[in-house]
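Okay, so here's the structure we're looking at.
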Amino acid sequence: MKLLDKEDLVVNQTGTAKIIPEESDDLWVLYNLISQNDVVSAETTRKVHLESSNKSTTASRVKLTLHLKVTWHDFHKDSSTLRVQGRSLDANPYVPQGSFHTFILELNKPFEIRKKVWDCDAVEALRESAEKVSCSEGDLVVVVMQQRHAEIYLLGKGVTTLCSKIEGSSLKSGRKAVAASSLKGPGNAFFREVFGSIIKHVDFKVVKSVVIASDGSTKDEFRRFLLLEAKRLRMKSIEENKSRIVVVGLECNNKGNDNLKEVLGDSTVMNSIKNSKVEIEIRTMRELWEMVCNNSDRVCYGPKSVECAQEMKAIETLLITDDLYRNDEIGTRKKYASLVKSVKENGGKVLVYPSMHVLAQQLQHLTGVAAILRFPLPDLEEMDV
């Protein structure tokens, strides 16, 4: 979501948000944010009948901007549209003041929302949606390397993104693939392609740490190559942050997410991203699993148990998958949105793990929703999950 003129939004004051929704979830956020008597403004078209000098009538469509005082709105997940109905506040040659009209708000089309009072939740929801991670920013970059194969991951703001996959075999061009022995030294084509992909996708001024991981010596060879190229090209953003570029050894039989989990289990890596959102998410998931094994009275999982714990205001930290929190089924979305809001209102913390998060699968094994409790609740174990 693009949020323009962020400074116009002040908690507990009147203000206008200028918005461009970019994905279906943005429209869902807006559906929950818009309230009756808000004013929604957008450009639309209306069919009008024009009478000529010879009294003949012709129909045409004209573009105009309407300001509607909201009376009703609805979200259509299948078509990714948000319908907003209201009364026109301004008179113009084509639309009478006070008449009812309906906007169909769609992706990538700008509009405005004006509220008499912007509460804290509404402002926070807009800003969170406008600050989603891109492939150029995040807390941690992980480069997983094997012979003639590399994957570049970005971890940040709750998302694990595979930015690039490089295959050394793609460099053949009518000749034999690069031999394993030729991976050494700054002149090999595979290292150059990996280097180029990192430069393309990663902003070294933003990320907290870059991890190069492999079995064997490839990680060390590529780090040396990376720093030599940065020096040769006078890339100060890399040279000045070389202490943040670390190497981690991997088990040779790991693949995909297993490699990432092994990287994230390294103490050097965790220290390099300390207090970041990624580190908090990883640490909290580990704490949850440790309690499941050793202190089960202080945790619960499954919809019924978690809802019961929240009724007793016992939740210290709620962990929930994006598949539940932003479920396609409206009733399920409302249910978990209400749970999240209730936990926050009672002073609890909430962590949402998207499906692409490296640890999301672990949470899915616990039904997708779990909680660390403020105090033991042993009787919750008997509830259905």
Side-chain angles (χ1 to χ4, degrees), residues 132-133 138-142 144 151 153-163 209 211 213 248 250-251 253-310 314-328 332-333 335-336 339-340 343 348-374 376-377 380-381 383-385:
K132 289 181 179 176
V133 72
D139 293 321
L140 177 66
V141 173
V142 178
V144 178
E151 294 176 350
Y153 294 90
L154 182 78
L155 287 77
K157 299 183 182 178
V159 178
T160 302
T161 304
L162 175 58
C163 292
S209 185
V211 178
V248 172
L250 295 176
E251 295 290 336
N253 58 348
N254 279 349
K255 293 183 179 180
N257 274 1
D258 290 334
N259 280 323
L260 286 178
K261 290 174 185 176
E262 188 176 348
V263 168
L264 297 176
D266 186 270
S267 59
T268 302
V269 174
M270 292 301 291
N271 286 334
S272 70
I273 57 171
K274 195 171 183 179
N275 297 324
S276 69
K277 188 169 178 22
V278 170
E279 189 268 340
I280 291 170
E281 291 165 346
I282 295 168
R283 174 165 43 82
T284 304
M285 183 65 75
R286 288 179 180 169
E287 182 181 358
L288 175 74
W289 275 102
E290 184 177 340
M291 287 185 172
V292 168
C293 298
N294 303 314
N295 191 9
S296 59
D297 290 352
R298 282 283 312 280
V299 295
C300 63
Y301 54 90
K304 290 184 179 179
S305 293
V306 172
E307 288 171 8
C308 184
Q310 180 51 27
I315 294 180
E316 180 178 281
T317 305
L318 177 71
L319 298 84
I320 185 170
T321 63
D322 198 52
D323 289 340
L324 290 179
Y325 185 52
R326 297 183 173 91
N327 195 275
D328 286 341
T332 302
R333 271 202 178 199
K335 171 184 173 180
Y336 287 107
L339 173 65
V340 167
V343 170
K349 300 175 184 177
V350 176
L351 294 175
V352 180
Y353 290 78
S355 58
M356 284 300 294
H357 195 289
V358 67
L359 299 178
Q361 188 176 1
Q362 290 180 263
L363 187 54
Q364 287 167 350
H365 288 324
L366 297 176
T367 75
V369 60
I372 297 172
L373 307 177
R374 293 190 172 98
L377 290 175
L380 286 178
E381 291 182 359
M383 300 196 65
D384 294 331
V385 296

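Start at 1 with the first residue, then count along the sequence.
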Shortest non-hydrogen separation from [X] to [Y] and the atoms involved:
X: L319; Y: L363; answer: C-CD2, 3.8 Å
X: P303; Y: V369; answer: N-CG1, 3.9 Å
X: V306; Y: A371; answer: CG2-N, 4.4 Å
X: V211; Y: L140; answer: CG2-CD1, 3.6 Å
X: Y301; Y: A370; answer: CB-CB, 3.7 Å

Close side-chain approach of [X] to [Y], heavy-atom, < 4.5 Å:
X: Y353; Y: T284; answer: yes
X: S209; Y: V269; answer: no
X: L250; Y: V263; answer: yes
X: V299; Y: L288; answer: yes

Supply the atom-to-atom distance [X] [atom1] to [Y] [atom2], rounded to the nearest 0.5 angstrom.
X: M270; Y: R283; atom1: CE; atom2: CZ; answer: 7.5 Å
X: N271; Y: D266; atom1: CG; atom2: CG; answer: 9.0 Å
X: N295; Y: I372; atom1: CG; atom2: CD1; answer: 10.5 Å

**Prompt:** Short question: side chain of R298, backbone of L373 - any donor-acceptor pair under 3.5 Å?
**Reply:**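 The answer is yes, because a donor-acceptor pair under 3.5 Å joins these two groups.
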
**Request:** Show the numbers, then the answer: is there a side chain to side chain contact (heavy atoms under 4.5 Å, CB included) between D323 and Q364?
**Result:** CA-CA 9 Å; D323 289 340; Q364 287 167 350; 3.4 Å; yes

**Message:** If we check side chain to side chain contact (heavy atoms under 4.5 Å, CB included) with K349, which of these qualifies: T317, I315, L318?
**Reply:**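 So, applying the side chain to side chain contact (heavy atoms under 4.5 Å, CB included) to K349 and each of T317, I315, L318, only T317 qualifies.
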
